[in-house]
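The next block holds one structure in the form of structure tokens; read it before the comments.
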Amino acid sequence: MSEDRCDGCQFSRSDRGICNVMERMDRKKLSRRSRSFSLEKGEILRDDRLNDGRSNERPVLAVCNGAAAVQTWLSDGRRSLSQLLLQADLVELRRTHHPFTHHPFLGEIFALRPTTICALHGETLNEIRSTDRSVGRAYDAQVAEQTHILRDHCVNIGKKTPAERLASFLLELSDRGAQPEATPDKVHLPMTHSDIADYLALQPETVSRAFSRLVEEGLITRPVRNATRLLDRAELLRIAGGGRPRRSVASDGR
């Protein structure tokens, strides 16, 4: 990947991107050994695109723009989207070599919309992290933030009602603010209702009913062109936190 491309890369310019805090020479060194590629909507990232054939080391992926997800399939054909990947997110694909941990990356990267991904050369990134504390802190902070998001997501799909899950999802998108044109009250939906359903562990028709319920109550606008507005953030926060009495399963629909 050329340095010119790095200079124009949204990941490099993002406040959340680790490249934003690198010294120019370090960024240039990392750029020379890294690769970027584009995924079309619905395309799966194949393993043969992850390196240049000279090394078997798996890289650290950085989402430059667009949106993707980690999808896994059960033996009966059911799909789960376990992680939502937005601009400036990192995906650690490298195997750990600690004697007490050896858990490889499972699942496949699936583009929810046209997406550009950079495969950062892991060894070079480690060298920069070890010599530049600001890069090391930025990397650790990014990984910690994504860990917190995954933990919250586990809570969302484990105990919450459909309306609570959807409210949490909309607030997650708003808080992450990954789209350049996004504002605190305007949320861009980077995925279809079917994808949202697989992310929230619901049926698509249940997601549609949950959207309708929030619209009818005046909490959001009806989604148009993959965007909606949050009209009552405080009430959405209350719903997401379980602060509203639950309806029956029959009326809320799982």
Side-chain angles (χ1 to χ4, degrees), residues 5 8-20 35-46 49-50 59-73 79-93 105-120 142-143 145-154 156-157 165-202 204 207-208 210-211 220 223-230:
R5 179 174 294 181
C9 174
Q10 294 180 23
F11 178 76
S12 295
R13 292 184 283 116
S14 170
D15 291 338
R16 297 173 60 240
I18 57 174
C19 294
N20 186 49
R35 304 170 66 238
S36 67
F37 39 82
S38 298
L39 297 175
E40 298 298 326
K41 180 179 179 179
E43 184 177 357
I44 294 172
L45 177 59
R46 304 188 311 271
R49 300 185 68 183
L50 292 179
V60 177
L61 300 184
V63 181
C64 301
N65 57 61
V70 178
Q71 69 175 8
T72 55
W73 296 88
R79 182 182 73 151
S80 173
L81 298 184
S82 59
Q83 185 176 6
L84 182 60
L85 305 172
L86 302 177
Q87 182 182 316
D89 282 348
L90 297 173
V91 186
E92 178 64 82
L93 296 183
F105 176 84
L106 300 176
E108 52 192 12
I109 306 296
F110 171 82
L112 298 168
R113 58 191 300 178
T115 301
T116 302
I117 290 178
C118 182
L120 302 174
Q142 180 66 22
V143 172
E145 178 186 0
Q146 291 181 220
T147 300
H148 296 328
I149 292 172
L150 284 171
R151 179 197 61 199
D152 291 343
H153 181 57
C154 289
N156 290 342
I157 64 175
R165 296 183 202 187
L166 181 59
S168 298
F169 170 68
L170 294 174
L171 291 168
E172 175 190 341
L173 291 179
S174 175
D175 291 341
R176 294 174 74 173
Q179 301 305 317
E181 67 274 24
T183 60
D185 68 323
K186 185 177 182 181
V187 173
H188 288 263
L189 304 173
M191 54 220 289
T192 65
H193 274 204
S194 179
D195 290 331
I196 294 173
D198 286 339
Y199 183 59
L200 298 181
L202 298 169
V207 171
S208 296
F211 265 111
I220 63 172
V224 176
R225 296 179 180 177
N226 297 322
T228 185
R229 288 191 178 276
L230 310 186

Shortest non-hydrogen contact between [X] and [Y], atoms and distance:
X: I109; Y: A68; result: CG2-CB, 4.1 Å
X: L120; Y: A62; result: CD1-CB, 4.1 Å
X: A69; Y: L81; result: CB-CD2, 4.1 Å
X: P204; Y: A197; result: N-CB, 3.7 Å
X: S208; Y: H193; result: OG-ND1, 3.2 Å

Quick one: are [X] and [Y] in side-chain contact, heavy atoms under 4.5 Å?
X: V91; Y: I117; value: no
X: L170; Y: L189; value: yes
X: L112; Y: L84; value: yes
X: L61; Y: L85; value: no
X: I220; Y: F211; value: yes
X: S38; Y: T116; value: yes
X: N226; Y: M191; value: no
X: Q83; Y: H153; value: no

Inset, instruction - List for me each residue that meets salt bridge (Lys or Arg N to Asp or Glu O under 4.0 Å) alongside D152, sequence neighbours excluded, and say none if there are none. - result: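 Here no residue qualifies.
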Legend entry - By salt bridge (Lys or Arg N to Asp or Glu O under 4.0 Å) - contacts of R46 (at least two apart):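 Salt bridge (Lys or Arg N to Asp or Glu O under 4.0 Å) list for R46, sorted by chain: D48.
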Legend entry - Those residues that, when tested against F110, pass ring pair (Phe, Tyr, Trp, His ring centres under 6.0 Å) (two or more places apart):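 F110 satisfies ring pair (Phe, Tyr, Trp, His ring centres under 6.0 Å) with no other residue.
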Once you round to the nearest 0.5 Å, how far does [atom1] of [X] lie from [atom2] of [Y]?
X: D89; Y: C64; atom1: CG; atom2: SG; answer: 11.5 Å
X: C118; Y: F37; atom1: SG; atom2: CZ; answer: 8.0 Å
X: R151; Y: H148; atom1: CZ; atom2: NE2; answer: 5.5 Å
X: E145; Y: R176; atom1: CD; atom2: CZ; answer: 7.5 Å
X: F169; Y: L200; atom1: CZ; atom2: CG; answer: 6.0 Å
X: L202; Y: R165; atom1: CG; atom2: CZ; answer: 4.5 Å

Inset, instruction - Apply side chain to side chain contact (heavy atoms under 4.5 Å, CB included) to T192 and list each qualifying residue two or more places apart in sequence or on a separate chain. - result: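 With neighbours one apart ignored, the set is K41, S194, D195.
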Inset, instruction - Under the side chain to side chain contact (heavy atoms under 4.5 Å, CB included) rule, collect the residues that match up with S168, sequence neighbours excluded. - result: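 Applying side chain to side chain contact (heavy atoms under 4.5 Å, CB included) to S168 gives N156, K160, A240.
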Legend entry - Short side-chain to backbone donor-acceptor contact, Q146 and L90, under 3.5 Å: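 Pair found, side chain donor or acceptor close to backbone of L90.
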Inset, instruction - Give the C-alpha distance, both sets of side-chain angles, the deciding distance and a yes or no for side chain to side chain contact (heavy atoms under 4.5 Å, CB included) between E43 and T115. - result: CA-CA 9 Å; E43 184 177 357; T115 301; over 6 Å; no
Inset, instruction - Apply the test side chain to side chain contact (heavy atoms under 4.5 Å, CB included) to residues L173 and L86: give CA-CA distance (whole Å), side-chain angles for both, the deciding distance (0.1 Å), then the verdict. - result: CA-CA 9 Å; L173 291 179; L86 302 177; 4.1 Å; yes
Legend entry - Test side chain to side chain donor-acceptor pair (under 3.5 Å) applied to S82 - qualifying residues, sequence neighbours left out: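 Not a single residue meets the side chain to side chain donor-acceptor pair (under 3.5 Å) criterion with S82.
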